[in-house]
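Scroll down for the structure; my scribbles are underneath it.
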Amino acid sequence: MSLLITGSIALDSVKTPVEEHHDQLGGSASYASIAASFFTPVNLVGIVGSDFPKQYLDLFRRHGVNLDGLETAEGKTFRWSGEYEWDMNKRRTLSVCLNVFETFQPRLPEHYRATPYILLGNISPQLQLHVLTQLKAPKFIVADTMDLWIETAREPLAELLKKIHCLVLNESEARGLVKETSLIKAGRKILQLGPKYVVVKKGEHGCLLFGENLFFSAPAYPLEDIHDPTGAGDCFAGAFTGYLTSVERFDPDALRKAVIYGSVVASFNVESFSLTRLQTLTKKDVEERFQLFKAMSQFEMV
Ligand code: AMP
């Protein structure tokens, strides 16, 4: 069973207080696709420029990511740069260059249109909606978003929320979306806007899953070394949706497990810059950390 993933494909330049790297593979769809590939084949929809390095295309292919929906346009690939403080929860965007993204209108290849499971990675809600119009019979749609769209594209975002099954966003975005200080109230209010489930990510403090008669609080994996938090949210969304696709179940029990798989893959990703760590990651590593997670969060005596 395949998962369709759309979002940005970028060349990122990232600076932390100890390291700096330029023009490395990034973008919401890149992180999400590789993360999801540990669970299911992926159909990628996106755009890159003629300067996009071949080695990154090979990386997608090695992970079983189908590139039939990847457009290569004349011009430069989308670029983003950001800088982290010593407290790596704090990040400043230094620059965003849309480049080929400026005129992008995703066109799904015919054989993608029947894909039942969808992850709309972080891009404008207008583009996310445009992808949805081309799908034949989507069964479960997960979407990610960011503060930029909450501030500048409220109407299309509201329209999108009525069409998706699950929204994944971080805590400040959840508060900003429904103008609430309490995360619990924010999660419940977002449910009223359309999605059946909402996942609120709290960075190194784990995440919360909301649904009707469902509340689950998951811790984050306690990592000692964080090198680059970029893309953690996208990896979470990719592994979360990838796991659900692999079991073809969307009930509360499956969603709880998916939240842990999302946290596990995201925790590996931040151990190195860009997607470096995911390139050597194996399914066995993922399963072992999943079991550690389980043991760590258990509080009943056995
Ligand atoms: P995250 O760390 O989960 O916020 O995701 C970081 C990734 O989002 C980077 O790899 C960027 O290339 C990408 N990104 C940053 N700004 C945007 C934007 N406006 N639209 C789409 N992707 C973006």
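Both ligands and their constituent atoms are indexed starting at 1 by order of listing. It should be emphasised that the depicted structure is a prediction, and the values quoted were computed from it without experimental measurement. Side chains included, hydrogens not; waters and symmetry mates left out as well; all remaining heavy atoms used.
Residue pairs that meet the salt bridge (charged side-chain N to carboxylate O under 4.0 Å, His left out) test with at least one member in residues 36-56, sequence neighbours left out, are Asp51-Arg79, Lys54-Asp58.
Note that Arg188 lies outside the cation-pi zone of Phe210, set by a 6.0 Å cut-off to the ring centre and a 45° limit from the axis.
Atom NZ of Lys283 has more than 12 neighbouring heavy atoms from other residues, nucleotides or ligands inside a 6.0 Å radius.
In terms of the side-chain hydrogen bond (donor to acceptor under 3.5 Å, both in side chains) criterion, Glu71 has no residue partners (sequence neighbours excluded). When the side chain to side chain contact (heavy atoms under 4.5 Å, CB included) test is applied to Glu110, the partners found at least two apart in sequence or on another chain are Arg113, Lys136.
Each of Tyr197, Phe240, Phe140 was compared with Phe250 under the ring pair (Phe, Tyr, Trp, His ring centres under 6.0 Å) criterion, and only Phe140 meets it.
Sorted by chain then number, the residues whose non-hydrogen atoms approach ligand 1 to under 4.0 Å are Ser8, Ala10, Asp12, Gly26, Gly27, Tyr31, Phe78, Trp80, Arg91, Asn122, Met146, Leu148, Trp149, Thr230, Gly231, Gly233, Asp234.
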